[in-house]
Amino acid sequence: MSDPQGARTPNASHEFEAHRAYLTRLAYRMLGSIAEAEDAVQDGYLRWHRQDTARVDNPRAFLNQVVTRLCLDRIKQTRNQREHYVGVWLPEPLVEDWSAAEHAASPVDQDVTVALMLALERLSPLERAAFILHDIFDMAFDDVATALGRTEAACRQLASRARRRVISAKPRFKIDPNEGARLADAFFTAARSGDATSLQQLLTKTATFHSDGGGRKPAALRTISGADKIGRMYAGLARKRAFAMPLWTRNVRIDGLPGHLSVEHDGTLQTTALQFEAGRIQAIFVVRNPDKLRHLAALLPADAAQLITH
């Protein structure tokens, strides 16, 4: 006989908590926002607690379905907001300490970089969900079909269309962590000094620069393409003293990419992630929008946190 309180039993709560980290990773990949992902998972928790969990044969599959559908609803709600976003939109950065990322099992999917997250933004909500569930989280198509409420054949078509559209955004080369750190240090040294020649030698010819200020902080309103233009941009910032040495900085991984978490000279909290292609930098992703960086305050020591201006 099932407990009439069902999911309110301690065992039901423990069952959900066993899947919370996985569900948060899934929701983040769907939404590109840590805050929205946590909200979606919490909504899933409330729905789980309204369910008679004694009747749920496969909690993970059930929770996959609930959180995926909650994310699909949120994507539809935020589409209009993204279309009217000021400047370049980038996902909220998921940051790990560099040493922890090297020596422990990472919660970040190493193949899911910022570039791939941006490519996912161009997909329909269902294409995005099918691709993430199958190609990133290795879910069988019959389970994807259950989660999305579509036939297995339809889900295969959704994932196939998505795969064709995002394949160019998936990293083709794995970079050694030590080599990534060396190249990142070389980039930040050249960028801060405004050495355009050294910068151009570190970049691929087709490199891109993306910066997200959200209308809250100064940032390029459009993507800048080409090593020459990017080098000249950094050189110009250095001449104007708009790119002075940061007040505080730390080497980190950002969505699996080498980068810096910094408090800039004007008190702006910033993340800078670098994507590599055959030993050179293919893309630079800078997030300066304070609304997207609130969750990073815990990573800063107290003296650095006091330097931030909002």
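The structure presented is a predicted model; accordingly, all values stated were derived computationally and were not measured. Along the sequence shown, the residues carry numbers beginning at 1.
The closest donor-acceptor contact from the side chain of Ser160 to the backbone of Arg156 lies at 3.5 Å or more, if one exists at all. A donor-acceptor contact shorter than 3.5 Å is absent between the side chain of Arg150 and the backbone of Leu126. In this structure, the side chain of Arg128 engages the main chain of Met30 through a donor-acceptor pair within 3.5 Å. Proximity of a side-chain donor or acceptor of Tyr85 to a complementary backbone N or O of Asp212 within less than 3.5 Å is not detected. Between the side chain of Arg288 and the backbone N or O of Pro218 there is at least one donor-acceptor pair closer than 3.5 Å. Checked by atom type and distance alone, the side chain of Thr53 never pairs as donor or acceptor with a backbone atom of Val56 at under 3.5 Å. Under a 3.5 Å cut-off, the side chain of Glu127 and the backbone N or O of Arg161 do not form any donor-acceptor pair. Between the Gln200 side chain and the Gly231 main chain, no donor and acceptor come within less than 3.5 Å of each other. Under the 3.5 Å distance criterion, the side-chain polar atoms of Ser211 are left unmatched by any main-chain donor or acceptor of Val88. The closest donor-acceptor contact from the side chain of Lys292 to the backbone of Gly214 lies at 3.5 Å or more, if one exists at all.
Residues Glu277 and Thr204 have side chains that never bring a donor and an acceptor to within less than 3.5 angstrom of each other.
Ile308 has its side chain within reach of Leu300: a pair of non-hydrogen atoms, C-beta onward, lies under 4.5 Å apart. Between Leu72 and Leu148 there is a side-chain heavy-atom pair separated by less than 4.5 Å. The shortest side-chain heavy-atom distance between Leu183 and Leu274 does not fall under the 4.5 Å cut-off.
Taking the six-membered ring where tryptophan is involved, the planes of His210 and Phe285 are essentially parallel, since the angle between them stays under 30° and well short of 60°. Note on ring orientation: taking the six-membered ring where Trp is involved, the planes of Phe187 and Tyr234 are perpendicular (angle over 60°, cut-offs 30° and 60°). Using bins of under 30°, 30° to 60° and over 60° for the plane-to-plane angle, the ring pair His134/Phe141 lands in the parallel bin.
Interatomic distance, Ile281 CD1 to Leu199 CG, rounded to the nearest 0.5 Å: 7.5 Å. Atoms CG and CZ, on Asn289 and Arg294 in that order, are 8.5 Å from each other to the nearest 0.5 Å. With rounding to the nearest 0.5 Å, the separation of CZ in Arg250 from CG in Leu261 is 7.5 Å.
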Legend entry - From CA spacing to verdict: side-chain contact (heavy atoms from CB on, under 4.5 Å), Thr206, Gln282: CA-CA 7 Å; Thr206 58; Gln282 175 60 34; 3.5 Å; yes
Inset, instruction - Would you check, one step at a time, whether the test salt bridge (charged side-chain N to carboxylate O under 4.0 Å, His left out) holds for Arg232 with Asp228? - result: CA-CA 6 Å; Arg232 285 190 281 113; Asp228 180 60; 2.9 Å; yes
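Both Leu46 and Leu31 are assigned to one and the same hydrophobic cluster, defined by single-linkage of ILVMFWY side chains at heavy-atom distances under 4.5 Å. Cluster annotation: Leu247 is connected to Leu299 through the hydrophobic network of ILVMFWY side chains, with a link wherever side-chain heavy atoms come within less than 4.5 Å. Under the 4.5 Å side-chain heavy-atom criterion for ILVMFWY residues, no single connected hydrophobic cluster contains both Leu221 and Leu118.
For the pair Tyr28 and Glu92, the tightest heavy-atom approach, listed with the atom from each and the gap, is OH-O, 2.5 Å. When all heavy atoms of Thr68 and Asn64 are compared, the pair lying nearest together is OG1-O, 2.7 Å. Of all the heavy atoms in Ala145 and Cys155, the pair that sits closest is CA-SG, 3.5 Å. Taking every heavy atom of both residues into account, Thr268 and Thr309 meet most closely at N-OG1, 4.2 Å.
Electrostatic pairing of Asp43 and Arg47 does not count as a salt bridge here, judged by no charged N lying under 4.0 Å from a carboxylate O. Under 4.0 Å is where a charged nitrogen must lie from a carboxylate oxygen, and between Arg29 and Asp255 at least one such pair does.
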